[in-house]
Amino acid sequence: MGRRNITQVSDFILMGLTDSKEIRLVLFTLFLLIYLITVLGNVGMILIIHLDPQLHTPMYFFLSHLSFLDLSYSSVITPKTLDNLLTSKKNTSYLNCFTQMSFFVFLGATECFLLSCMAYDRYAAICSPLRYQVVMSTRRCCCLIFGSYLIGFMDTSVNVLCLSRLHFCNSKIIYHFFCDGPAILALSCTDTHDIEIIIFISAGSTLLVSLITISVSYMSILSTILKITSTAGKQKAFSTCASHLLAVTIFYGTMIFTYLKPSKSYSLGKDQVASVFYTIVIPMLNPLIYSLRNKEVKKCTQ
């Protein structure tokens with residue numbers, strides 16, 4: 001093996017999305033607008049659910065936590081991205097970079113399982129309506145929320161322990177607009193094969209278990225809806241889970257496209273577009289999707 005300088009770097013340089021000042025200004029304006037809508041939408045959703053007694057149900061309990069995760073998710077990424085777009089200084093410290101990545105993984109993994117909990121809630125509401133209050137008791141809802149955050153923490157621990165063992169050999173340029181795992185792995189001058197496998201198993205297991213839970217829940221929901229004789233009854237049953245199904249499709253679609261593929265197929269342009277979508281755009285879309293599709297939230301906003 002050839003000699004390499006395995007000194008640990010003290011900071012990284014985030015190259016961002018573009019070098020063009022004009023495009024950076026346009027992106028800054030767009031992302032700032034999206035972030036403001038995200039903050040207002042998710043904070044508004046949390047306040048409405050908290051203040052209106054009619055929304056103190058399991059579905060809106062989970063939705064309030066989804067809004068909290070989306071707000072946190074966006075706040076971990078967007079402010080630093082805005083700062084990099086507006087200034088020429090693109091440096092970020094080693095500690096700040098790994099802190100951002102840790103919160104990003106934690107919030108993303110937690111949201112995966114929270115969406116599974118919401119699918120289970122819809123399954124209980126449609127397939128067992130008479131036992132819904134018993135099945136989705138306050139204690140069980142709290143346990144599901146706690147479990148989601150715990151799994152997010154476990155996923156984060158695996159990622160941090162693996163990536164903290166990397167050596168960068170003075171390579172410090174990250175070709176991304178935030179500290180993402182694959183982008184950091186690409187900088188390492190040591191063999192990352194084993195670490196990639198561990199992270200892939202961890203992330204893949206999280207996605208697979210949550211997707212199986214969602215799929216089984218919606219297969220049962222579909223089976224129950226098809227047994228309903230009246231068209232109005234079918235429409236009412238479908239409308240109760242349409243918002244969640246749309247949110248799941250958008251979230252998992254972009255996550256799978258970005259992460260569940262070999263590292264050699266990494267494409268800077270395509271992956272950055274997908275990353276912008278699920279880190280900046282999706283947190284804005286979720287409160288809009290749920291508020292537009294749910295009559296209870298519509299009534300509270302009028």
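Values below: all heavy atoms of this structure, side chains included; hydrogens, waters and symmetry mates excluded.
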Do you know which two heavy atoms are closest between [X] and [Y], and how far apart they sit?
| X | Y | answer |
| --- | --- | --- |
| Thr18 | Ile23 | CG2-CG2, 3.6 Å |
| Ile37 | Met284 | CG2-CG, 3.6 Å |
| Leu166 | Ser188 | CD2-OG, 3.6 Å |
| Lys90 | Asn84 | CA-OD1, 4.0 Å |
| Thr38 | Asp70 | CG2-O, 4.5 Å |
| Thr156 | Ser102 | CG2-O, 3.3 Å |

From [X] [atom1] over to [Y] [atom2], what is the distance, rounded to the nearest 0.5 angstrom?
| X | Y | atom1 | atom2 | answer |
| --- | --- | --- | --- | --- |
| Leu115 | Phe113 | CG | CZ | 11.0 Å |
| Ser202 | Leu161 | OG | CG | 10.5 Å |
| Tyr60 | Met118 | OH | CE | 9.5 Å |
| Cys241 | Met59 | SG | CE | 10.5 Å |
| Ile151 | Ser210 | CD1 | OG | 9.0 Å |
| Leu82 | Arg24 | CG | CZ | 12.5 Å |

Within the 4.5 Å heavy-atom criterion, are [X] and [Y] side-chain neighbours or not?
| X | Y | value |
| --- | --- | --- |
| Met136 | Phe62 | yes |
| Met15 | Ile174 | no |
| Phe68 | Asn42 | no |
| Phe177 | Leu14 | no |

Exercise. Among Thr138, Ile145, Leu144, whose side-chain contact (heavy atoms from CB on, under 4.5 Å) with Cys142 holds?
Worked result: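 The single option meeting the side-chain contact (heavy atoms from CB on, under 4.5 Å) with Cys142 is Thr138.
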So for atom [atom1], which belongs to [X], do other residues, nucleotides or ligands contribute more than 12 heavy atoms lying within a distance under 6.0 Å?
| X | atom1 | value |
| --- | --- | --- |
| His56 | NE2 | yes |
| Phe103 | CZ | no |
| Tyr123 | OH | no |

For this session: Mind running side-chain hydrogen bond (donor to acceptor under 3.5 Å, both in side chains) on Asp11 and Ser93 for me, showing each step along the way?
Result: CA-CA 4 Å; Asp11 63 348; Ser93 69; over 6 Å; no
Side chain of [X], backbone of [Y]: donor and acceptor closer than 3.5 Å?
| X | Y | answer |
| --- | --- | --- |
| Thr78 | Ser74 | yes |
| Ser128 | Ala124 | no |
| Asp180 | Pro182 | no |
| Gln100 | Val76 | yes |
| Asn286 | Ala247 | no |
| Ser116 | Cys112 | yes |

For this session: Scan side-chain atoms only and decide if Ser275 and Thr279 contain a donor-acceptor pair under the 3.5 Å cut-off.
Result: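 No, no side-chain donor-acceptor contact under 3.5 Å.
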In the single-linkage hydrophobic clustering (I, L, V, M, F, W, Y; side-chain heavy atoms under 4.5 Å), do [X] and [Y] co-cluster?
| X | Y | answer |
| --- | --- | --- |
| Tyr278 | Val39 | no |
| Val158 | Leu207 | no |
| Ile212 | Ile214 | no |
| Leu36 | Leu86 | yes |
| Leu71 | Leu285 | no |

Problem set entry | Result of checking Phe178, Phe104, Tyr35, Phe106 against Tyr73 for ring pair (Phe, Tyr, Trp, His ring centres under 6.0 Å) | Phe104
Exercise. Which one of Tyr290, Phe251, Tyr218 satisfies the ring pair (Phe, Tyr, Trp, His ring centres under 6.0 Å) criterion with His244?
Worked result: Tyr218
Problem set entry | Evaluation steps, ring-ring contact (aromatic ring centres under 6.0 Å, His included), between Phe98 and Tyr94 | CA-CA 6 Å; Phe98 271 76; Tyr94 181 89; 4.7 Å; yes
For this session: Take Phe28 and Leu33, measure what side chain to side chain contact (heavy atoms under 4.5 Å, CB included) needs, and give me the verdict at the end.
Result: CA-CA 8 Å; Phe28 174 84; Leu33 179 61; over 6 Å; no
Exercise. For Val276 and Phe31, what are the C-alpha separation, side-chain angles and deciding distance, and is it a side chain to side chain contact (heavy atoms under 4.5 Å, CB included)?
Worked result: CA-CA 9 Å; Val276 166; Phe31 290 171; 3.9 Å; yes
Problem set entry | Residue pair Val135, Tyr120: steps toward the side chain to side chain contact (heavy atoms under 4.5 Å, CB included) verdict | CA-CA 10 Å; Val135 174; Tyr120 177 73; 3.5 Å; yes
For this session: Walk me through it: do Tyr132 and Asp121 pass the test side-chain hydrogen bond (donor to acceptor under 3.5 Å, both in side chains)?
Result: CA-CA 9 Å; Tyr132 178 68; Asp121 171 71; 2.5 Å; yes
